[in-house]
Amino acid sequence: MKKIYKPTEITAPFYQRYINLVPDDGNLLIHLEDLFSETEEIISEIPEEKLNYRYAPGKWTIKDILVHLSDAERIFVYRALRFSRGDETPLPGFEESEYAVFAKANERDIEDIMREYSLVRESSIAFIESLDEEALNRKGNSNKYPVSVILLVNLIYGHHKHHINFIRERYLTL
């Protein structure tokens with residue numbers, strides 16, 4: 001399997017906290033598959049009522065988090081696609097809280113959410129596998145910060161890992 005290492009570039013603090021969670025062994029694609037499998041296992045053991053639980057008013061449910069992960073992954077891959085293809089058009093950030101409101105995750109079945117997320121991950125991995133070294137090293141500007149394609153594809157793992165850790169800490173310790 002293709003080796004893709006953790007980026008060494010300095011980035012915005014809100015990205016760096018996710019990059020810090022990425023293993024630096026070059027096995028990003030394997031880690032993306034493994035983390036998704038781990039997530040499926042965790043979610044399969046959570047009762048339905050806990051999937052809709054909010055640990056504090058205004059906080060997301062587990063379903064909200066899962067749909068957010070799928071949305072964010074699509075956005076990271078879209079940005080990586082644009083930059084990998086040489087498009088240097090600056091791209092805006094996104095308002096994750098607004099996305100969550102309109103996604104209506106808590107009105108959906110968990111099987112539907114996980115099926116969608118599985119397809120997003122499968123597509124992301126296929127895209128990442130298609131990138132050569134030159135494409136991985138291309139850069140663009142996203143959310144007012146310079147980012148490389150390799151940073152963006154590593155964010156997929158780091159962002160997912162951050163939220164799975166959060167689910168364990170805030171939702172599964174009750």
Side-chain angles (χ1 to χ4, degrees), residues 6-7 10-24 28-81 90-125 127-128 141-147 151-174:
K6 183 174 173 173
I10 302 298
T11 187
F14 58 90
Y15 288 150
Q16 193 62 52
R17 67 182 174 149
Y18 301 135
I19 294 301
N20 291 343
L21 296 173
V22 178
D24 196 19
L28 177 66
L29 296 169
I30 293 168
H31 294 307
L32 285 170
E33 289 174 354
D34 290 348
L35 184 57
F36 190 81
S37 294
E38 178 185 336
T39 301
E40 285 181 309
E41 187 176 315
I42 291 167
I43 297 306
S44 72
E45 296 174 5
I46 300 173
E48 181 68 30
E49 65 275 3
K50 202 166 210 177
L51 294 170
N52 293 311
Y53 168 77
R54 298 176 194 278
Y55 68 89
K59 297 299 182 182
W60 287 352
T61 66
I62 292 173
K63 285 183 177 181
D64 288 325
I65 293 169
L66 292 168
V67 171
H68 164 70
L69 286 169
S70 187
D71 287 350
E73 186 162 327
R74 281 185 169 113
I75 291 167
F76 295 150
V77 168
Y78 173 73
R79 291 170 178 173
L81 170 69
L91 299 175
F94 71 103
E95 295 299 325
E96 60 188 33
S97 296
E98 300 243 343
Y99 276 49
V101 169
F102 289 104
K104 299 181 181 180
N106 298 304
E107 296 175 18
R108 296 175 61 189
D109 292 328
I110 191 62
E111 293 80 14
D112 179 53
I113 291 169
M114 291 306 294
R115 181 177 124 345
E116 177 187 359
Y117 192 17
S118 173
L119 292 169
V120 169
R121 178 57 52 89
E122 189 176 334
S123 176
S124 297
I125 289 171
F127 168 71
I128 295 165
N141 190 293
S142 177
N143 202 21
K144 300 180 184 170
Y145 289 92
V147 293
L151 176 93
L152 289 165
V153 299
N154 273 273
L155 277 176
I156 295 168
Y157 177 89
H159 180 252
H160 184 160
K161 185 69 172 174
H162 164 79
H163 282 290
I164 286 303
N165 290 345
F166 196 79
I167 286 171
R168 280 192 174 110
E169 294 165 12
R170 296 287 177 132
Y171 295 85
L172 303 183
T173 58
L174 302 173

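Contact between Leu21 and Tyr157 at its shortest, heavy atoms only, is O-CE2, 3.3 Å. Annotation for Arg54 and Trp60: closest pair NH1-CA, 3.9 Å, computed over non-hydrogen atoms. Closest of all the heavy-atom pairs between Asn143 and Gly93 is OD1-CA, 3.3 Å. Closest approach of Val147 to Tyr15, counting heavy atoms only: CG1-CE1, 3.6 Å. The two residues Ala80 and Leu152 make their nearest non-hydrogen contact at N-CD1, 3.6 Å. For Asp109 against Lys63, the heavy-atom pair with the smallest separation is CA-NZ, 4.5 Å.
When side chains are defined from C-beta on, Arg170 does not count as touching Tyr53, because their heavy atoms never get closer than 4.5 Å. Leu51 places a side-chain heavy atom less than 4.5 Å from the side chain of Glu48. Taking the side chain as every heavy atom from C-beta outward, Ile156 and His160 never approach each other to under 4.5 Å.
Within 6.0 Å of the CD atom in Glu38, the count of heavy atoms belonging to other residues, nucleotides or ligands exceeds 12. When the shell of 6.0 Å around OH of Tyr145 is examined, it contains 12 or fewer heavy atoms from other residues, nucleotides or ligands. Residue-environment remark: CZ (Phe14) exceeds the threshold of 12 foreign heavy atoms within 6.0 Å.
With respect to Lys6, the side-chain contact (heavy atoms from CB on, under 4.5 Å) criterion is satisfied by exactly one of Val22, Leu28, Leu151: Val22.
Of the inter-residue distances, the one linking Leu32 atom CG with Asn154 atom CG reads 8.0 Å to the nearest 0.5 angstrom. If you take CD1 on Ile128 and CG on Leu29, they are separated by 6.0 Å, rounding to the nearest 0.5 Å. Distance check, rounded to the nearest 0.5 Å: CG of Asn52 to CD of Glu107 gives 10.5 Å. Rounded to the nearest 0.5 angstrom, Ile164 CD1 and Phe36 CZ are separated by 9.5 Å. Put simply, CG on Leu91 and CG on Asn141 are 8.0 Å apart, with the number rounded to the nearest 0.5 Å. With values rounded to the nearest 0.5 angstrom, Phe166 atom CZ is found 11.0 Å from Ile62 atom CD1.
Counting only N and O atoms by type, the side chains of Asp34 and Ser37 include no donor and acceptor under 3.5 Å apart.
The closest donor-acceptor contact from the side chain of Ser44 to the backbone of Glu41 lies under 3.5 Å. The backbone N or O of Leu35 sits nowhere less than 3.5 Å from a side-chain atom of Lys161 that would complete a donor-acceptor pair.
Here Lys50 does not pair with Glu45 in a salt bridge; the nearest charged N to carboxylate O distance is not below 4.0 Å.
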Hey, can you pull the donor-acceptor pairs under 3.5 Å for the side chains in residues 65-76, sequence neighbours left out?
from: His68; atom 1: NE2; to: His159; atom 2: NE2; distance (Å): 2.9
from: His68; atom 1: NE2; to: His163; atom 2: NE2; distance (Å): 3.4
from: Glu73; atom 1: OE1; to: Arg121; atom 2: NE; distance (Å): 3.1
from: Glu73; atom 1: OE1; to: Arg121; atom 2: NH2; distance (Å): 2.7
from: Glu73; atom 1: OE2; to: Arg121; atom 2: NE; distance (Å): 3.0
from: Glu73; atom 1: OE2; to: Ser124; atom 2: OG; distance (Å): 2.7
from: Arg74; atom 1: NH1; to: Glu116; atom 2: OE2; distance (Å): 2.7
from: Arg74; atom 1: NH2; to: Glu116; atom 2: OE2; distance (Å): 3.2

